[in-house]
Amino acid sequence: MEKRISKASMSLRVPTQRWLDAGLFEELLGLLDLNTGVVDELALFTAFTHPPIPLETVTGYAPILKERMAAARARGYACGVNILATMGHHNENLSHSLQGDYARRTDIDGNTCAGSFCPNDAAYVAEYVVPLYTAVAQAQPDFIWIDDDVRSGHGGIGPDCFCEHCLAEFSKLCGTLYSRESLAAAFAAENEKAVLALKKQWLQVKRRTINRLFETVETAVHRIGPAIKLGFMTGERFADGYGFREQARILAGEQQREVMWRPGGGFYRDTAPAGMTQKAHEIGRQVSLLPPGVRVIQSEIENFNYEALGKSIVMNTAEAAVYIAAGCTGAALNIMNLYEDVALEKGELIRQFAKQRPFYDALASAVERKPTRGIFTGWSPDGEAVKNLRAGAAYNLPAHFADEWFEIGLPAAYSPEGACLTLLGGLLPLAFDENTILDFLSQGVFLDGPALDALNEAGYGELTGFRTAGCGDDDCIEVLGGHPLNAGQDGRMRDCRQSFWKSRCFYLEPTDAQAQPLARVVDYAGKTKADCCMGVFENKIGGRVCAAGYYPWSFLLSHSKSSQCRSVARWLTRDTLPAYVATLHKIGLWAREEGGETTLILLNQSMDPAEGALVKVLTQKTRLRTLNKEMREQTIDSIGGDGPYRLFRLPSVAPWSVLLAVTQ
Ligand SMILES: [Zn+2]
């Protein structure tokens with residue numbers, strides 16, 4: 001039994017400039033003291049530029065780090081070190097960074113990143129990584145964070161690494177010693193199945209690369225300081241095969257020590273607020289892979305390059321709450337400036353974080369490590385292997401292809417275990433094995449045209465109920481038909497303007513007498529282009545399928561389309577969705593169920609306040625207790641029912657604000 005999470009885990013990442021200088025460090029501690037409880041721990045950065053720093057720099061820092069960490073502990077903070085570069089992020093400040101004849105990260109064309117080294121070069125690991133972690137461990141930190149340079153994709157060279165060491169490692173797995181040229185040719189070969197298998201093996205060798213590096217780091221650190229906790233910062237890691245489960249196990253070592261995680265993603269400015277929800281879903285995917293024993297999961301709140309006006313206080317403070325909704329148990333604030341007056345620029349931000357700390361605590365203890373339940377976007381750690389198997393945007397969807405489904409109040413799930421319904425787009429079905437596909441098809445599944453084709457080609461045609469019958473790139477309008485799932489919307493049209501927002505429409509044809517069309521497409525003169533562009537089918541293994549060929553992932557924000565999405569989702573899941581927003585509001589929803597209690601976290605994703613939003617909750621309970629960021633608590637009585645769902649009218653939710661709601 002894991003220990004309960006009773007409060008959030010909050011930390012501050014401290015730039016090198018602010019701890020190297022004793023006066024600046026004292027000033028920072030003073031600012032934190034004015035805001036009691038804003039954070040529990042401080043992580044001191046080893047560097048402010050991104051390639052590995054020379055070893056003599058690190059050994060020079062060690063006594064200062066030791067002194068500062070003692071000072072922080074005396075003020076009540078846990079304190080440790082954030083090693084900014086283990087491999088190195090990219091080219092920056094190269095003249096003051098690590099030199100040496102080690103393998104640089106290399107792309108498939110042979111281009112290298114001078115500021116990033118390959119951990120498959122054994123000499124690099126033995127001569128740099130081990131002494132680096134040893135020196136830092138000797139300064140007696142409470143914890144050491146490994147930063148997000150441990151990944152593929154370094155400044156300027158894209159997914160890597162194809163250096164001679166990596167190719168040699170690959171040969172141990174696949175039995176062929178490829179050159180960069182021959183591997184590029186093998187990845188581009190005609191035989192789709194063979195290419196897919198090779199790409200999946202390549203992902204496996206990339207997972208093993210990080211595993212080996214972490215075995216070395218774990219041994220080096222715990223030999224010096226057995227009590228030092230290790231943490232790893234990640235992002236969306238498709239190119240590395242998303243091997244978090246094994247990485248967490250390795251960092252815990254044989255003693256199964258506590259491991260911390262810091263899921264992140266790029267949302268540095270709030271110019272486009274949807275970047276925050278995109279990041280939340282990325283974080284949800286990352287967290288879903290972590291073993292239940294990982295209890296400290298601090299989202300990265302990052303304002304790089306740290307200008308005071310770069311990101312508003314509203315968005316900064318909302319981020320910590322939203323990322324807890326997606327699965328974190330706290331946040332790591334990377335918000336400090338390097339050179340400006342810290343009290344002037346960051347004083348109010350820190351004050352507001354302190355003010356909302358009780359709300360974060362309430363959210364973290366409500367969420368714990370419970371998985372969200374709802375709609376799963378069919379992603380897989382092997383997803384990168386299907387990328388570019390076929391040319392065209394419809395076959396190569398970005399990871400956030402279905403985010404609009406989560407802007408209309410439908411609940412997000414990040415793992416197959418939490419799925420009531422799985423959305424499969426592009427060639428994603430090919431990333432899964434047969435058992436998983438049959439699992440999807442025996443429950444609820446929503447398919448776009450390419451995903452339908454991929455399943456039919458793989459022999460599941462009898463279970464999908466439809467096939468594609470041609471496609472068109474322009475001048476289509478969807479017309480909803482007279483079907484109960486379109487109740488009240490019969491004849492309503494949706495024009496997504498293919499001439500502006502290019503998206504191929506896949507025309508559909510039922511292959512089973514039981515398959516039912518939901519919509520057709522017409523041209524701009526009203527002439528039918530295809531009798532069916534969307535339909536539903538119940539298959540013989542008890543699964544329910546919806547196939548949609550016209551903008552299945554975007555332009556869902558109208559009344560008619562969002563209503564249809566909700567109806568279809570309820571039908572596909574046989575009324576097992578834990579909750580959803582039933583009115584025309586732009587609200588994100590994360591739902592968790594445990595012991596007969598449903599916990600909802602809602603985010604108003606609009607600049608308008610959400611007034612009068614109705615939420616339907618799958619529960620027998622008739623009361624909902626809500627808590628907002630000001631810690632205002634309200635208990636709401638159900639105002640009716642709809643089948644197994646109870647209906648509640650939510651209190652007003654401010655723009656880009658979070659509401660916690662728990663059934664009573
Ligand atoms: Zn390499």
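When a ligand or atom number is given, it counts from 1 through the structure's own listing order. Each residue takes its place number in the sequence, starting with 1.
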> Roughly, to 10 degrees, what angle do Cys166 atom SG and Cys161 atom SG form around the Zn ion (ligand 1)?
Replying inline: 110°
> How open is the angle at the Zn ion (ligand 1) from atom SG of Cys163 over to atom SG of Cys118, rounded to 10 degrees?
Replying inline: 110°
>> For Trp261 and Phe232, I'd like to know if the aromatic rings sit close, meaning centre-to-centre distance below 6.0 Å.
In response: yes
> Which residues pass the salt bridge (Lys or Arg N to Asp or Glu O under 4.0 Å) test with Glu41, sequence neighbours left out?
Replying inline: none
>> Exactly one of Asn82, Asp147, Ile83 should register a side chain to side chain contact (heavy atoms under 4.5 Å, CB included) with Thr46. Which one does?
In response: Ile83
>> With a cut-off of 2.8 Å, does His165 put an N/O/S atom close enough to the Zn ion (ligand 1)?
In response: no
>> Tell me every residue that passes salt bridge (Lys or Arg N to Asp or Glu O under 4.0 Å) with Glu127, counting only those two or more places apart in sequence or in another chain.
In response: none
